[in-house]
Amino acid sequence: MKAAKAVDWADPGRWKATPATVRLDLLKQIRRNIDRYFDDLVSADCEAKGIDRSVAANAHQVGTSVQATVVPVAANVSAAIALYEGLVQGRPLQPLTVRPAGDGRFDIRVGPRGRDRLLNGDRTDILRVTGEPRRTDPYQKPGGIVAVLGAGNFASSLEMINALFVDSCAVVHKPHPLNVGADLVWEKVLQPLVDMHALAFCDAEEGHELTRDPRLTKIYFTGGAPTAEAIMAGIDTEVVSECGGNNPCVIIPGDRRWTASEIRHQALQIATMVKINGGSVCGRVQTLVTSRHWPQRREFLDAVTLALRDQTPATTAYYPGVDKTFAAFQDAYPDARIIESRDRAPASAVLVIEDVDHDGFAVHNEAFCQVMSEVALDVAPDAETFTPAAVAFCNDTLLGTLAVTVLVDEDTRKAHASTVDRTVTELRYGAVGVNTMPPTVWTNPYLTWGGNEEGQELVSGRGNFGNVLGYENVDKSIVISGFTSPGHLINDRKQGWLDLSARFTRYTIDPTWGRLLALAGTVLRLRLQRPDF
């Protein structure tokens, strides 16, 4: 469909006037449709990425496709159902707790909620706001028409659900050319909204015409900063954008030695995130930040190498142009190590660059592919000395402000609680994961996803997505978990990753007791099995 015709179809006034009871019914229809078209969505995503679902060796890549394609929208639909059930019943959905965080900030605990607490009992999901917490419910918002420009790396435009049910806006969605096939399936899933004139789909090549349509209220964009700047040039429409960056993982030296199992766990978590989706993930860890004098630095880096080579399966890089990016990092660091996973797969090598210059190419560029670097700060290996230096490096030198991970063992975190809290506060990033990876923020609709750079050069984007409770003045989103939490994303097996992904995704679509028990059974079975990789 042409852009102008799609905007013609969208009726923001009708959608704004649609009662909460009707919207709730639409959400439940969409939930059933996601279940119905589950396999079609996964097949379309795999086809776009060149993944043959019939080949057993690709099971883990299919599992990633399951999670990445279905979970984001499904999670947003489930959260919106909870939101609208509260509106219909006259009991608005509430945060779990609201507590002062110092300097006029407040920490609003938003999760885990309900049955999710049984899955993530050691996790805390926090929305940090500046000033007294203020909320705006969907019907208090002005509405309008939002153009959602789909991402290329994931065929899951959760922003559609966000715009429709949190911002009360009608939506026109334009897919990325890579995801046209999946978009055709999403049209079937979301047909009830199309029938309501709340949603329309336009062709992938209609981006320029769509973004120039004067009837738009906002544009939601996920992609590169240069493209975001090109979209913004010559238009007055507000653009909410998420554009990536070079995401650090700050490794706080422990007051005690980390055990071998703790090091292995963290190495597997990092290796999983370095490889996932062929490295084409906006929130992936790219740069490890260590103390050069940490006695376990060499042991830790060797464990990461082992995890990349022998303990996590190979993942093919598919995104257009990443071969050139990979080559550019190789050219900049000819002595860097190329690590091939022992199971081998096309275009699956990981480039590992240790001890890079603090102001070099690997610091100032986003890889968006399977490249991992390490920056060793020349500071003492204790929390009180290391963390201020790490914060300064991440804030002032690394490219972007999207997401940061902080790894700290439980004993050190307790002994230096105020220092760790200050570190989380001072890191100028939109998402902070303490002992967990930032994509857990992206998939949580109660949190926000976006950069933290208002008033600065555009790198990681402007504004944010998510925030189903409608809080104003959001500073950042924070997820805190146990040091070796069983809820961490760790892919050390192929079929197991697919089985777990399928069960988790079905539960996310419709979080019933039956699906929770099925997921728990899969988790238990996998724990009793030896990793198949």
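For the pair N491/P313, a side-chain contact is recorded, criterion being any heavy-atom separation below 4.5 Å from C-beta on. For the pair W442 and F154, the minimum side-chain heavy-atom distance is below 4.5 Å. At a threshold of 4.5 Å between non-hydrogen side-chain atoms, the residues L519 and L119 count as touching. Side-chain atoms of H364 and D359, non-hydrogen and from C-beta on, do get closer than 4.5 Å to each other. Side-chain contact between N58 and R53 is absent, with no heavy-atom pair separated by less than 4.5 Å. Side-chain contact check for T508 versus T443: every heavy-atom pair is 4.5 Å or farther apart. Contact of the N120 side chain with the T440 side chain is not registered, since no non-hydrogen atoms from C-beta on lie closer than 4.5 Å. Using a 4.5 Å cut-off on side-chain heavy atoms (C-beta onward), F329 and N365 make contact.
Between the side chain of S460 and the backbone N or O of T401 there is at least one donor-acceptor pair closer than 3.5 Å. A donor-acceptor distance shorter than 3.5 angstrom exists from the side chain of N162 to the backbone of G466, with no hydrogens or angles considered. Put simply, the side chain of N247 gets close to the backbone of A403: a donor and an acceptor are under 3.5 Å apart. Judged by distance alone, with hydrogens and angles left aside, the side-chain atoms of E242 form no donor-acceptor pair with the main-chain N or O of W449 at under 3.5 Å. Panel note: side chain E453, backbone G461; a donor-acceptor pair is recorded below 3.5 Å. A donor-acceptor contact shorter than 3.5 Å is absent between the side chain of Y333 and the backbone of L351. In this structure, T522 contributes its side chain and L500 its backbone to no donor-acceptor pair below 3.5 Å. Looking at S501, its side chain does come within 3.5 Å of a backbone N or O of G63 through a donor-acceptor pair. Not one N or O on the side chain of Q269 forms a donor-acceptor pair closer than 3.5 Å with the backbone of T484. For R506 (side chain) and D35 (main-chain N/O), a donor-acceptor pair under 3.5 Å exists by modelled atom type.
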Problem - side-chain contact (heavy atoms from CB on, under 4.5 Å) assessment of V250 paired with F386 - result: CA-CA 10 Å; V250 176; F386 172 76; 3.7 Å; yes

Problem - Residue pair R113, L93: steps toward the side-chain contact (heavy atoms from CB on, under 4.5 Å) verdict - result: CA-CA 11 Å; R113 311 175 72 90; L93 190 61; 3.5 Å; yes

Practice task
Just do the side chain to side chain donor-acceptor pair (under 3.5 Å) check on S65 and D45 with the steps written out, would you?
Solution key: CA-CA 7 Å; S65 184; D45 187 66; 2.4 Å; yes

Handout entry: Full working for salt bridge (Lys or Arg N to Asp or Glu O under 4.0 Å) between E262 and R257
Key = CA-CA 10 Å; E262 287 172 336; R257 288 184 64 84; over 6 Å; no

Handout entry: Working for side-chain contact (heavy atoms from CB on, under 4.5 Å), residues T315 and I276
Key = CA-CA 7 Å; T315 302; I276 198 166; over 6 Å; no

Practice task
Apply the test side-chain contact (heavy atoms from CB on, under 4.5 Å) to residues F38 and V66: give CA-CA distance (whole Å), side-chain angles for both, the deciding distance (0.1 Å), then the verdict.
Solution key: CA-CA 8 Å; F38 182 103; V66 168; 3.6 Å; yes

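Closest approach of I263 to A303, counting heavy atoms only: CG2-CB, 3.4 Å. Considering all non-hydrogen atoms of both residues, A336 and I353 come closest at CB-CG1, 3.7 Å. Residues D411 and R256 share a closest heavy-atom pair of OD2-NE, 2.6 Å. Nearest approach of C369 to V322, heavy atoms of both residues: CB-CB, 3.8 Å. Considering all non-hydrogen atoms of both residues, V110 and L96 come closest at C-CD1, 4.0 Å. The minimum heavy-atom distance linking P112 with R109 is given by the pair CD-NH2, 4.2 Å.
Residues T425 and R128 bring a donor and an acceptor atom of their side chains to less than 3.5 Å of each other. With no hydrogens or angles considered, a side-chain donor-acceptor pair links T287 and N246 at under 3.5 Å. For the 3.5 Å distance criterion, the side chains of H416 and D255 qualify, holding a donor opposite an acceptor. There is a side-chain donor-acceptor pair under 3.5 Å between S341 and D343. Inspection of the K275 and T312 side chains reveals an N or O donor paired with an N or O acceptor under 3.5 Å. Under 3.5 Å, the side chains of N277 and S280 contain no donor-acceptor pair of N or O atoms. Checked by atom type, the side-chain pair N395/Y429 shows no donor-acceptor distance below 3.5 Å. A donor-acceptor contact closer than 3.5 angstrom links the side chains of R337 and T305. Remark: the T69 side chain and the S156 side chain contain no N/O donor-acceptor pair separated by less than 3.5 Å. A donor and an acceptor atom, one from each side chain of E374 and T290, are located under 3.5 Å apart. With 3.5 Å as the limit, one finds a donor-acceptor pair spanning the side chains of H488 and S481.
Counting non-hydrogen atoms of neighbouring residues, nucleotides and ligands closer than 6.0 angstrom, the CD atom of E299 exceeds 12 such neighbours. Open room surrounds CZ on R99; 12 or fewer heavy atoms of other groups in view lie less than 6.0 Å from it. Annotation for R413: atom CZ counts as buried by contact number, over 12 foreign heavy atoms lying within 6.0 Å.
Judged as a salt bridge (charged side-chain N to carboxylate O under 4.0 Å, His left out), and not counting sequence neighbours, D357 has no contacts.
The CG atom of L399 sits 12.5 Å away from the SG atom of C394 when rounded to the nearest 0.5 Å. Rounded to the nearest 0.5 Å, atoms NZ (K49) and OH (Y319) are 10.5 Å apart. Remark: I81 CD1 to D510 CG distance equals 7.5 Å, nearest 0.5 Å. The structure places CD of Q529 at 8.5 Å from CG of D499, a figure rounded to the nearest 0.5 Å. For the atom pair CD1 of I509 and CZ of R31, the computed distance is 9.5 Å after rounding to the nearest 0.5 Å. Taking OG1 of T423 as the start and CD of E426 as the end, the distance is 6.5 Å to the nearest 0.5 Å.
When the options N464, N467, T448 are evaluated for a side chain to side chain donor-acceptor pair (under 3.5 Å) with S477, the one that passes is T448. Of the options D409, L407, V406, a side chain to side chain contact (heavy atoms under 4.5 Å, CB included) to I252 is made by V406 and by none of the others.
Aromatic ring centres of W294 and F300: separated by under 6.0 Å.
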